Amino acid sequence: MTPFKQKVIEIIRLIPYGRVASYGQVALYAGSPRAAREVGWILNEHGKDLPWWRVINKQGYLSIRGGSTYDKSLQKKLLEAEGVEVSEDFEVPIEKYRWIITPEEAQRVKLPEDYLENKIRPMGL
DNA sequence: ATCTTGACTTGCC
DNA sequence: CGGCAAGCCAAGA
């Protein structure tokens, strides 16, 4: 269990009910802006202990692949149960539901200071 | 040690 | 819209 993994798990647990975050966003908050792929790997491994359905890709699509333990239909159901809109083709208006970390939470997970000073936001925001 | 893969993202046609 | 390459980090072969 690497520190990065621990962080990622911590971050994902911070995502509130009814909100979503992208893989890249989680990676960013965990201190490695480009480790989005690793986030997916971690979710696949620790999904059972996490609100895995609140993590989607940046374009708003549910990224789960066929072979995974989890599937899009279940994710769609779980999201809708929290009030998040999911279209027929599994697209979510992510900007509408995106979770932005608060300074308090950032401190709790020891997010490097410059992330806050520069007011770094999720990629593309 | 080296190479491939992946629930990703971005940039460049 | 769509495809493709590169970057990233860890796991497995």
Side-chain angles (χ1 to χ4, degrees):
Chain A
M1 183 67 79
T2 67
F4 175 69
K5 264 182 161 180
Q6 292 277 13
K7 232 59 167 304
V8 168
I9 289 173
E10 244 178 299
I11 299 291
I12 294 175
R13 289 208 171 113
L14 290 177
I15 306 174
Y17 178 99
R19 309 300 287 297
V20 299
S22 72
Y23 297 92
Q25 194 184 343
V26 172
L28 170 71
Y29 291 157
S32 297
R34 284 149 217 192
R37 312 189 72 158
E38 180 58 12
V39 173
W41 184 266
I42 294 171
L43 278 173
N44 196 45
E45 204 178 332
H46 303 277
K48 54 176 171 9
D49 307 315
L50 303 166
W52 58 269
W53 59 91
R54 311 214 261 242
V55 182
I56 62 183
N57 76 26
K58 197 195 170 177
Q59 315 192 337
Y61 288 104
L62 309 188
S63 299
I64 297 183
R65 290 196 163 186
S68 175
T69 316
Y70 312 98
D71 65 50
K72 291 182 177 179
S73 302
L74 174 58
Q75 184 168 23
K76 181 174 189 287
K77 217 163 71 179
L78 288 166
L79 284 173
E80 289 174 334
E82 300 187 348
V84 176
E85 305 165 40
V86 183
S87 69
E88 277 305 309
D89 50 344
F90 301 102
E91 189 175 6
V92 175
I94 186 169
E95 298 311 333
K96 184 170 174 182
Y97 297 101
R98 187 193 285 285
W99 162 68
I100 302 294
I101 198 168
T102 67
E104 293 75 32
E105 289 167 333
Q107 182 164 19
R108 199 188 323 161
V109 297
K110 298 176 182 134
L111 192 63
E113 267 189 30
D114 49 331
Y115 277 53
L116 291 178
E117 289 173 0
N118 300 333
K119 296 180 179 168
I120 292 186
R121 295 161 144 253
M123 307 185 203
L125 266 190

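Throughout, protein chains are lettered first and strands after them, A, B, ... in sequence-line order, and every chain is numbered starting at 1. Computed from a predicted structure; not experimentally measured.
- Distance A/Arg98 CZ to B/dT9 C1': 12 Å, rounded to the nearest Å.
- Here the nucleotide nearest the side chain of A/Asn44, chosen from B/dT10, C/dA10, B/dA7, is B/dA7.
- Between atom NE2 of residue A/His46 and atom CD1 of residue A/Ile12 there is a gap of 9.5 Å, rounded to the nearest 0.5 Å.
- Protein atom CD of A/Glu38 is 17 Å distant from nucleotide atom P of B/dT5, rounded to whole Å.
- The side chain of A/Lys5 contributes an N or O atom lying less than 4.0 Å from OP1 or OP2 of C/dA11.
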Between N or O atoms, less than 3.5 Å apart, protein on one side and nucleotides 1-8 of chain C on the other: list the pairs.
from  : atom 1 : to      : atom 2 : distance (Å)
C/dG7 : O6     : A/Arg37 : NH1    : 3.0

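- Annotation: the span from A/Glu82 atom CD to A/Trp53 atom CH2 amounts to 6.0 Å, rounded to 0.5 Å.
- Closest contact between the side chain of A/Leu43 and the listed nucleotides C/dC9, B/dC8, B/dA7 involves B/dA7.
- Going from atom CD of A/Glu105 over to atom CG of A/Leu111 covers 11.0 Å, rounded to the nearest 0.5 Å.
- Residue A/Asp71 holds its CG atom at 10.0 Å from CG of A/Leu62, rounded to the nearest 0.5 Å.
- We find that CG of A/Leu28 is positioned 12 Å from P of B/dT9, with the value rounded to whole Å.
- As rounded to whole Å, 17 Å separates atom C1' of C/dA10 from atom OH of A/Tyr23.
- A distance of 13.0 Å separates CD1 of A/Ile56 from CZ of A/Phe90, quoted to the nearest 0.5 Å.
- Following rounding to the nearest Å, A/Lys48 (NZ) and B/dA7 (C1') show an atom-to-atom distance of 16 Å.
- A donor-acceptor pair under 3.5 Å is formed between the side chain of A/Arg19 and the backbone N or O of A/Tyr97.
- Between A/Glu45 atom CD and B/dT5 atom P there is a gap of 20 Å when expressed in whole angstrom units.
- Atom P of nucleotide B/dC8 and atom CD1 of A/Ile12 are separated by 13 Å, given to the nearest angstrom.
- Separating the CD atom of A/Gln59 from the C1' atom of B/dA7 is a distance of 14 Å, rounded to the nearest angstrom.
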TODO: Starting from the C-alpha separation in whole Å, work towards a yes-or-no answer on salt bridge (charged side-chain N to carboxylate O under 4.0 Å, His left out) for A/Glu10 and A/Arg13.
DONE: CA-CA 5 Å; A/Glu10 244 178 299; A/Arg13 289 208 171 113; over 6 Å; no
